[in-house]
Structures are given as structure tokens and as C-alpha cells.
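Contents: one structure, followed by commentary.
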2 protein chains.
Amino acid sequence: MLRNDITVAIRNAVMSELAEVGYGRLSIEAVARRAGVGKTAIYRRWSNKLEMVLEIITDVAGRKVPVPDTGSFASDLDLLMMIVSRALQHRVASQIIPDLMAEAARNPQIAETLQRVLRLHQQSVGEKLVGQAIARGELPEGTDPDVAVDLILGPLYWRLAVARQPVSDDYLEKMAAAVLGSLRGGAAT
Amino acid sequence: MLRNDITVAIRNAVMSELAEVGYGRLSIEAVARRAGVGKTAIYRRWSNKLEMVLEIITDVAGRKVPVPDTGSFASDLDLLMMIVSRALQHRVASQIIPDLMAEAARNPQIAETLQRVLRLHQQSVGEKLVGQAIARGELPEGTDPDVAVDLILGPLYWRLAVARQPVSDDYLEKMAAAVLGSLRGGAAT
DNA sequence: CTACGACGTAACGGTTGCGTTCCGCCGCAT
DNA sequence: ATGCGGCGGAACGCAACCGTTACGTCGTAG
């Protein structure tokens, strides 16, 4: 019976508000204001700020991400890094993700939710990509997908979300080449 | 004339409070309470929450970090990664750093301060380490210290501060080996 | 001994947000 | 035509903080 357009408006407002002020300062009243909605409508759907945010985040982050499968590990890697760098440069993502990560350090529920979502993507992507590559003989048998994912995502995340420096195509290529080299070398075995 | 022990108490309280509730929710009153101090004492020193935090952070982060110089790049790298992983596992650091990073995304003053401090350390460490290695012929001429630093710190930060998974000695070795391999390969040139 | 100034405490008026409640409106199903 | 229920709006009492002020204490310098 809850009107769907209202729910959508609230969800959007929460995302924007999260991006602008962060979880710590997010207030129900501000969300209602931004969504053009009464507080009542929000409390009718969720009973808490935490519950609301968790539900919305889970939903947004739960959307499936396509895993590259181009036929060669090198181009899979290029593609993946491009996708990730694009994603991390989106304004909302680049604000919300670090913020929630920080919040997760002190709120077990947020931590658990993020871990679940993150782990889900990370593992499936890592295992699939590395699995394919090993099957094709492009990576040494026994390459650790965990290490591989860290090597791939870490530098990108650091650069984009932490150091907040731009990533040129050129830079991306260097990075991909470096990661490829380190994995091919069998270091992550 | 401001009593030094009071100032110290406040500084400590700010750090603890930052770790516990983050910048967004940090309140002057809570700091005063925790420091066992009147609000007056705080306002006598700083006029703002922002100003206070910036000053304290700058001070703490400004302390010099020793750059490893063991004679070989491989062991420099091992050492550096160990130092960094130790630092990132300290409770206060692992809470405060991601929090301020997230805050920096929406507060230019914080961003500027963090960038300055971070860049300072990062560049000096990177350039020195890579410089030494190139001079010794352990890394190809023209290796980009920027890329190198990203490759070194990125995965560690990702693992420790984002994914929040433990880092074993074993894992650290794999990581170091991988990074070494990718740099030696001349990918980051 | 006196004066100064930093200190803690307490209170100020004002703002913001919480979670709840009541109202009147309106769409929709019966 | 009637009634149910979600809607926005407004207000509630309560709590936390803001930044400021007044007051009384205490250590120290002169």
C-alpha cells in the first residue's frame, strides 16, 4: 500500500544526503526535507536511521556487476580496472563508499553489511577472473585470487578514493601492466 | 600561559573522540568531558571544531617517519610494508584515517591538510626508496615513484583499512614479492 | 600581599534532531 | 456514498550541542 514513488524519492534522498553529509550527520529530517516528504512516510517504512541506511545500501550495492570475460586475462584486467576506476570516480560512489567504510569501523552492523556485499562481489569477480586465466594457462596454477584482487583493487582505490588523484588512461595502463606482471610472476601463489 | 598539561589532555581527548565517533559527530562538549576540562579551556585555544582538529591532526601526522635504508630494495620494501601494516593496524590510526579521508571528500580544508601531510610523506618516501633502488641498479631507470608508491601502499590500505581482513606475515611476503616483481618488470616506467 | 589569568562549573538562549502524535487531504476500493 | 489508509504538515517533549558569559578558585609572578 506504500506508494512506490515516495519510496523511490526517499531512497534517492538518502543516497544524496549520505554523499553530502555522511552517515554520521545524516538526519531523518534532512532526508524528508530533501525528498519532499513527511517524516511520517519515512518512519512508516523504517524504524531507524541505521535500518533505513542498511536496507538502502544493501539494495543498491547488491546489484550484479558484470564480470569481464573477453577471452584473455590481460584484456579482462584492463576492462575490469577501467570499470572500477569509472565507478570510483562517480561522485556519489566516491563519497559514500569511504564514508561507510569509516563508519563500519565503529558500527558492527554496517561493517557486517558492507563486508557481505563487498566480499560477495570481490570473491566472485576474483575467483572467476583468476579461474579463467588459470584455465587458459595465463596465470600460474595456485594463484591466490584473494591476493590478486587486493593487487588489482588496492592501488586503484588508494589512488582514487584516498589520495584522490586523477587516473589517466596512461596511468591505468601502467598499473594494469604492473599487476599483470606481478601475477604472472607467480608471486601470489 | 595556557597550561600545557591541559592542552595535552585535550589533544588526547580529541584523538580518542575522533576514533570513537568520527569527525562528523565529534562535539566540543564531549571532548571537554573526556579531557576532564571546561569548554572554556578549549575555546581559549581554538575557535572552532574544524580549526582544532586540523591543528591537532597536522601536528600528529607531521611527525617524521623514518625511511627504510637497509641496502637492498627488496628488504627496504619488506621493512616498509611491515611498518605500514603495523601502523594501519593500530586502533586509533585505523579508525581516524579512513574517517578523515571520507570527511576530506566534502571539506576542502580537511582535504588540503591531509593531502599536504600525505603527499609530504608519500613523495619523500617514494622518491627516496625508488631513487636508492635505481641508483643501485635494482630498478629500471625511469621507474615512476608515484606508481610505485600506489602499488606498495594501495593493496595494504585496501586490505587493512577497507576490506579489514588480517594480514599475515605470509601474506605480507607474497604482497611484497608481487610488488617487487611488478616494479622490476619495469611496468611502472 | 596583591593582581592577573587560566581553570572548572554552571547557566544562558538558540538550534537541530529525535521519535511520536494528531490533523485534514485525497485516492481508491468497496 | 462511505470508509480505509497513506500522505504532508505541524507540533509535541526531550535531548544534545553550539558559542558565550559570569562566577569563584587557585597558582604564580611581581
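Note that the coordinates shown come from a computational prediction; the quantities given were computed from them, not determined experimentally.
If you find the closest nucleotide of DNA chain C to A:Arg33 and to B:Thr7, the one lying nearer the 5' end belongs to B:Thr7.
Judged by distance alone, the side chains of A:Arg119 and A:Gln123 never bring a donor and an acceptor atom under 3.5 Å apart. Looking only at atom types and distance, the side chain of B:Ser75 has a donor-acceptor partner in the side chain of B:Thr70 under 3.5 Å away.
Taking only side-chain nitrogens and oxygens, B:Arg3 never comes nearer than 4.0 Å to OP1 or OP2 of C:dC7.
Applying the side chain to side chain contact (heavy atoms under 4.5 Å, CB included) criterion to B:Leu120, with sequence neighbours excluded, gives no partner residue.
Judged by the 6.0 Å distance and 45° axis criteria, A:Arg136 is not positioned over the aromatic ring of A:Phe73.
At the heavy-atom level, A:Arg45 lies under 4.0 Å from the strands shown only through sugar-phosphate atoms. Looking at heavy-atom distances under 4.0 Å, B:Arg25 makes no contact with the nucleic acid at all.
Listed here is the closest heavy atom pair of A:Leu18 and B:Arg106: O-NH2, 3.8 Å.
If you take OH of B:Tyr23 and P of D:dC17, they are 15 Å apart, rounded to a whole angstrom. Between A:Arg44 atom CZ and D:dG9 atom P there is a gap of 13 Å when expressed in whole angstrom units. What separates CE of B:Met1 from C1' of C:dA3 is a distance of 13 Å, to the nearest Å. Following rounding to the nearest Å, B:Asp5 (CG) and C:dA6 (P) show an atom-to-atom distance of 14 Å. Rounded to whole Å, atom P of D:dG6 lies 16 Å from atom CD1 of A:Ile42.
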Nucleotide by nucleotide, 5' to 3', does protein get under 4.0 Å of the base (B), only the sugar-phosphate (S), or neither (-) in nucleotides 18-30 of chain C, counting heavy atoms?
BBB----------
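Comparing D:dG8, C:dA6, C:dC7 by their closest approach to the side chain of B:Ile6 singles out C:dC7.
Shown are A:Asn48, A:Thr113, A:Leu114; of these, the side chain to side chain contact (heavy atoms under 4.5 Å, CB included) with A:Leu54 is made only by A:Thr113.
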